[in-house]
Amino acid sequence: SSTANVLGLGLVTNVSSSLGFPAASSTSSISSITTATTFYQVEQLTYLWIVFVFIVVGNATVLGTLLLSKGHKSRMNFFIKHLAAADLCVGLIQVQTDIIWRITISWNAGLILCKLIKFMQCVVTYSSTYVLVALSIDRYDAITHPMNFSGSWRRARVLVAVAWILSFIFSSPILHFYNTAETEDY
């Protein structure tokens, strides 16, 4: 197998003859593979940056609007605040870390930070989903049992707290199982 270094991104790509790619002696073939890989990486990074900007701007706008409004403080706004906060964290922790990792390729921050970042990425992903589930449970009860639905603030706070607590609990195995490994490629 031969190795081609993709310029500009520092990405190292292994090209194997057994997969039908040309041998290392064919420089034009390696050049075309390098160009295709570079285009693919640039395309991914462009997409991630666009997603990152939309996530951060959109959710920051929602949070800012809800926090600065002096109007009606409803349970629905409470759920939307937590959902926007969770989604903003997805952008800042999950997507931004992915962008940085794709640019730098290698990990130099050590095992503890690796575990912590992966743990937080998992927490924010779960929390975004579970807060949405909490909101859905609240709305389901309001629609299906309108006469029995108390709509208490205590219940809303418990649903959101359970969503965040479950996110931390279900993410905790990463702290034990995630590891770093040295590779020859990077």
Side-chain angles (χ1 to χ4, degrees), residues 9-11 40-69 73-143 150-183 185-186:
L9 295 175
L11 176 67
Y40 176 69
Q41 290 296 323
V42 169
E43 191 177 68
Q44 276 186 341
L45 282 172
T46 304
Y47 174 76
L48 284 172
W49 274 110
I50 291 169
V51 168
F52 175 74
V53 168
F54 276 109
I55 288 172
V56 171
V57 170
N59 287 297
T61 303
V62 169
L63 267 177
T65 302
L66 290 174
L67 292 173
L68 295 176
S69 70
K73 303 288 184 193
S74 69
R75 278 186 354 276
M76 198 64 207
N77 285 350
F78 175 75
F79 283 113
I80 291 173
K81 277 186 222 175
H82 279 276
L83 184 60
D87 287 343
L88 181 61
C89 288
V90 167
L92 294 174
I93 296 172
Q94 178 72 33
V95 178
Q96 186 178 29
T97 304
D98 195 29
I99 289 170
I100 292 168
W101 184 72
R102 288 177 189 275
I103 291 171
T104 60
I105 302 300
S106 64
W107 182 259
N108 298 319
L111 180 62
I112 292 173
L113 202 54
C114 174
K115 287 184 176 196
L116 183 65
I117 288 174
K118 285 300 180 184
F119 171 73
M120 289 308 298
Q121 285 179 326
C122 195
V123 166
V124 299
T125 304
Y126 279 138
S127 66
S128 178
T129 305
Y130 293 158
V131 169
L132 187 58
V133 169
L135 184 150
S136 299
I137 290 170
D138 184 69
R139 295 294 85 205
Y140 172 79
D141 284 345
I143 292 168
S150 66
S152 72
W153 276 93
R154 182 180 181 279
R155 183 172 185 264
R157 287 185 188 105
V158 166
L159 282 170
V160 169
V162 166
W164 283 98
I165 290 167
L166 286 176
S167 299
F168 279 93
I169 290 171
F170 290 151
S171 300
S172 62
I174 284 183
L175 294 172
H176 177 69
F177 292 115
Y178 226 84
N179 233 336
T180 58
E182 294 289 326
T183 62
D185 293 338
Y186 305 110

Legend entry - Interatomic distance, Leu116 atom CG to Ile174 atom CD1 [nearest 0.5 angstrom]: 11.0 Å
Legend entry - Least distance between heavy atoms, Ala134 atom then Val160 atom: CB-N, 4.5 Å
Inset, instruction - Please report the C-alpha distance between Val131 and Trp164 in whole Å, then the side-chain angles of each, then the deciding distance to 0.1 Å, and finally whether the side-chain contact (heavy atoms from CB on, under 4.5 Å) criterion is met. - result: CA-CA 7 Å; Val131 169; Trp164 283 98; 3.7 Å; yes
Inset, instruction - Over all heavy atoms of both residues, which pair between Ala109 and Leu113 is shortest? Give the atoms and the distance, please. - result: CB-CD2, 3.5 Å
Legend entry - Smallest separation among heavy atoms of Trp153 and Ser74, with atom names: CH2-O, 3.3 Å
Would you give me the side-chain donor-acceptor pairs under 3.5 Å for residues 48-61, sequence neighbours excluded?
from, atom 1, to, atom 2, distance (Å)
Asn59, ND2, Ile55, O, 3.0
Thr61, OG1, Val57, O, 2.6

Legend entry - Value rounded to 0.5 Å, distance of OG1 in Thr104 from CD1 in Ile99: 12.0 Å
Legend entry - Heavy atoms from other residues, nucleotides or ligands near OH of Tyr178 exceed 12 (cutoff 6.0 Å): no
Inset, instruction - Please work out which of the three classes, parallel, tilted or perpendicular, describes the rings of Tyr126 and Phe170, given edges at 30° and 60°. - result: perpendicular
Legend entry - Separation between CD1 of Ile93 and CG of Asp98, rounded to the nearest 0.5 Å: 13.5 Å
Legend entry - Heavy atoms from other residues, nucleotides or ligands near CD1 of Ile112 exceed 12 (cutoff 6.0 Å): no
Inset, instruction - Check whether any side-chain N or O of Ser128 sits under 3.5 Å from a backbone N or O of Thr125 as a donor-acceptor pair, and report yes or no. - result: no
Legend entry - Candidates Lys81, Met76, His82 - the one meeting side-chain contact (heavy atoms from CB on, under 4.5 Å) with Phe78: His82
Inset, instruction - Kindly compute the distance separating CG (Leu67) from OG (Ser69), expressed to the nearest 0.5 Å. - result: 8.0 Å
Legend entry - Reported OG-to-NE2 distance for the pair Ser172 and His176, which is rounded to 0.5 angstrom: 11.0 Å
Inset, instruction - Write out all pairs satisfying side-chain hydrogen bond (donor to acceptor under 3.5 Å, both in side chains) with one or both partners inside residues 111-124, taking only residues at least two apart or from two chains. - result: Lys118-Gln121
Inset, instruction - Any chance you could measure Ser171, atom OG, to Leu166, atom CG, to the nearest 0.5 Å? - result: 10.0 Å
Inset, instruction - With sequence neighbours excluded, give me every side-chain hydrogen bond (donor to acceptor under 3.5 Å, both in side chains) pair touching residues 133-143. - result: Arg75-Asp138, Asp138-Arg155, Asp141-Arg155
